[in-house]
Amino acid sequence: MIEVSVDGQSVQIPKGMTVLQACELVGVSIPRFCYHSRLSIAGNCRMCLVEVEKTPKPVASCAMPALPGMKIKTDTPLCKKAREGVMEFLLLNHPLDCPICDQGGECDLQDQSMVFGSDRGRFTETKRTVLDKNLGPLVKTIMTRCIQCTRCVRFAKEIAGVEDLGVLGRGGTEEIGTYVENLMTSELSGNVIDVCPVGALTSKPYAFTARSWELKSTESIDVTDAVGSNVRIDSRGPEVMRILPRLHEEVNEEWISDKARFSYDGLKRQRLSEPMIRHPDGRLEAVSWHDALESVAEAAHRVKPEEMAGIAGKLSDAESMMALKDFLNKMGCERIWSEGDGKSANVDLRSSFLLNTGIASLEYADLCLLIGTQLRWEAPLVNARLRKAVRSSRAKVASIGPPTDLNYPHQHLGTGSETLLKIAEGRHPFCAEFGRAQRPAVIVGSGLLEHSDKSAVMAALEIIVEQGKVVKDDWNGFNVLMLNAAQAAGRDLGLVQGARAHSSEIKFLYLLGADELTPADIPANAFVVYQGHHGDRSAYRANIILPGTAYTEKEGTYENTEGRTQQTSPAVPTVGDSRDDWKIIRALSEVAGVRLPYDTANGLRARMLAVSPNLLRVDDVESPVELPFPLKNQSPSAVVLSSFPKTVENFYMTDAITRASRTMAQCTAAFFGKGEERA
């Protein structure tokens, strides 16, 4: 620790801190445009000038290391004059676009010119103009507004891992562009909108739709993948206008994926707004809730309990899954599972299906083996953490599975179970890396959990975990990466086929937002009930449709891939005659004569508390048992040699909401239409 003085106030700071960070510790705010706490230091906007005793002129506080005994002054006439001069230079070529700029009302340049700028400028020459760049269907560019802070360039290179943006030219002709005409091909590209301090980079779908002061903000979480990124939903009336990231150091820091940020327009397209019954001629007719529920109850009573089944979809919240499980169990049905889990999921130990290391702790791994996962497309923010580990501590990454561009140096060992078997038997050169690693990690894709010879693959994994010392007293490096928002909570609640489940043909199928089934998966004579918020794939096969609510319209509990419980909050009213999913199932149970014992959300959560107490501890991660799963009875030599399948064919369209989104369709056309391989 060293001692410095800021505006006459002494403070102890760690050695290596900059002058700007020392000022922030005291509570003194320093204006800045180019400095960002998660990016490297550029020092090129000069807005953060401060006076340091015994220096001939003001210094840039973001790039100057604090030295012992340094006396820093931030509020002297010299500082004010310097900042006013810098602001005048920044505004020389900046156009007067504030009335039509989407950044208006939340613009750093507006705010700081009000506080530190002059009331007039001395520049009379013609302002320069810059051609706009085409970065794709998500980011809108008005490059004449750019102040060359280079935040977007540093974000693209350091966080997103794509060197698509760079600085061209010098002096008055300097501009930011893409070198050659190409799109910004990152799954995190929307975050450049947040880091841009002016209106040069804004959201294309949001352009000219609303002003920031008209919007109501609601804190919630994202459910398009299993990471559970914290988001802020901005709405106006009944419509979601935009989605922005919310700071959470343990989960998503301050970034979100493009799918989480831009798929919100899918929330108002292809929505189910009233209960419907399909007639024998295939025509759907809107009916009352009472008629719809009576028809479902009649159909359920016409079949034997062993001929019933229920599937919870990707976006289901824990409350609705608990209600569905209780309802079907009361009807005598044991065949219930969560989408993406297959029909024989292992739920005995939580460590067998969670990201045990934790999302934030992956930064400390020095070796990582990815098995059967396309990490960049399945969980972009987990991939960003791993990239951080590669950049900061030179961690080694290797992968087994379909070849994927991971945007950092990695070794592709093979495509399937043959390579996995070699490592388990110690016949692969990569085995030596485990011996040298202090904190090794293994990340298994949840696609493997549906593999035909899952038990043998898991037995091989157990040997690798044991021999590579992946699990230690202070480090649990065995991880399973879930693919969907509902999977982890579904397993905690026991959404697996019961021991008494029969394998007879299904004649009554209850789909709770499950849309990944193919026509071959549903028997031709089955009675299908579809409860969901979008008229997606399964709605075309449904005999009865019950309209539910999307994650932006309800208070629901979700558990992310590391076992962290989080909750969504209602940001907009429900659509049409739709109802909360658990309330529909509760009403159905009464009509069917198997009344569930709870009438309120708190009553339902009391039931969840009895089944899985961790689901009520919001924003808390309950550490699982540190032992890996026991599969001693299965030999790894029984592995069927095959390639691991791709789990994500199209990153932009993975669920009912994203498939209904026009913006995601534009992304698919832009990045897949030209034959580009992105997944």
Side-chain angles (χ1 to χ4, degrees), residues 344-359 361-362 364-373 375 382 386 389 395-401 410-482 488 491 561-563 621-642 644:
S344 57
N346 178 24
V347 297
D348 294 334
L349 284 174
R350 294 182 78 229
S351 58
S352 65
F353 61 83
L354 291 182
L355 200 80
N356 298 305
T357 306
I359 295 171
S361 300
L362 275 176
Y364 306 114
D366 53 6
L367 174 73
C368 189
L369 177 62
L370 307 174
I371 302 170
T373 174
L375 190 61
V382 175
L386 207 51
K396 291 185 178 178
V397 179
S399 68
I400 302 172
H410 70 285
Q411 193 180 351
H412 187 246
L413 304 179
T415 58
S417 45
E418 187 179 356
T419 313
L420 191 69
L421 201 57
K422 279 183 182 176
I423 296 175
E425 293 171 354
R427 295 186 287 117
H428 198 283
F430 188 75
C431 296
E433 298 289 349
F434 276 109
R436 289 193 284 268
Q438 296 296 312
R439 288 184 296 277
V442 173
I443 300 180
V444 183
S446 65
L448 282 191
L449 306 177
E450 295 188 77
H451 205 255
S452 54
D453 55 342
K454 183 186 79 171
S455 300
V457 168
M458 287 301 179
L461 276 173
E462 188 188 0
I463 292 170
I464 293 171
V465 167
E466 202 171 309
Q467 292 180 349
K469 296 189 170 77
V470 174
V471 179
K472 306 175 184 178
D473 290 340
D474 58 342
W475 176 261
N476 188 345
F478 176 76
N479 303 287
V480 176
L481 182 72
M482 292 280 131
R491 292 192 173 202
T561 188
E562 65 176 348
V621 179
E622 188 169 318
S623 299
V625 181
E626 290 204 353
L627 295 169
F629 40 92
L631 286 167
K632 302 287 184 189
N633 56 344
Q634 181 73 41
S635 167
S637 57
V639 170
V640 178
L641 299 182
S642 61
F644 296 145

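- Rounding to the nearest 0.5 Å places CG of Leu369 at 10.0 Å from CD of Gln411.
- Of all the heavy atoms in Val480 and Thr561, the pair that sits closest is O-OG1, 3.5 Å.
- Counting only heavy atoms from C-beta outward, the side chains of Ile371 and Val457 never approach each other to under 4.5 Å.
- Using a distance-only test at 3.5 Å, with no hydrogens or angles considered, no donor-acceptor pair links the side chain of His428 to the main chain of Leu421.
- Between Met482 and Phe353 there is a side-chain heavy-atom pair separated by less than 4.5 Å.
- Residues Ala365 and Ala441 share a closest heavy-atom pair of CB-CB, 4.2 Å.
- Side-chain atoms of Phe644 and Thr373, non-hydrogen and from C-beta on, never get closer than 4.5 Å to each other.
- Leu413 is listed as a side-chain neighbour of Ile423, based on a closest heavy-atom distance under 4.5 Å.
- Atom-to-atom distance recorded for Asn356:CG and Ser361:OG is 11.0 Å, nearest 0.5 angstrom.
- A side-chain donor-acceptor contact under 3.5 Å links Thr357 and Asn479.
- From Thr419, atom OG1 reaches atom CZ of Phe430 across 11.5 Å, with rounding to the nearest 0.5 Å.
- Side-chain atoms of Asp366 do not come within 3.5 Å of backbone N or O of Ala437 as any donor-acceptor pair.
- Of the inter-residue distances, the one linking Glu466 atom CD with Leu461 atom CG reads 12.5 Å to the nearest 0.5 angstrom.
- Among Leu481, Val397, Val444, the one residue that satisfies the side-chain contact (heavy atoms from CB on, under 4.5 Å) test with Leu370 is Val397.
- The two residues Ala460 and Ala424 come nearest to each other via the heavy atoms O-CB, 3.8 Å.
- Between the side chain of Trp475 and the backbone N or O of Pro440, at least one donor-acceptor pair lies under 3.5 Å.
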Checklist line | Full working for side-chain contact (heavy atoms from CB on, under 4.5 Å) between Ile443 and Leu362 | finding: CA-CA 10 Å; Ile443 300 180; Leu362 275 176; 4.1 Å; yes
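- Between Leu420 atom CG and Leu448 atom CG the span is 8.0 Å, to the nearest 0.5 Å.
- The two residues Arg350 and Glu622 come nearest to each other via the heavy atoms NH1-O, 3.1 Å.
- Interatomic distance, CZ of Arg439 versus CG of Leu367, reported as 11.5 Å (0.5 Å rounding).
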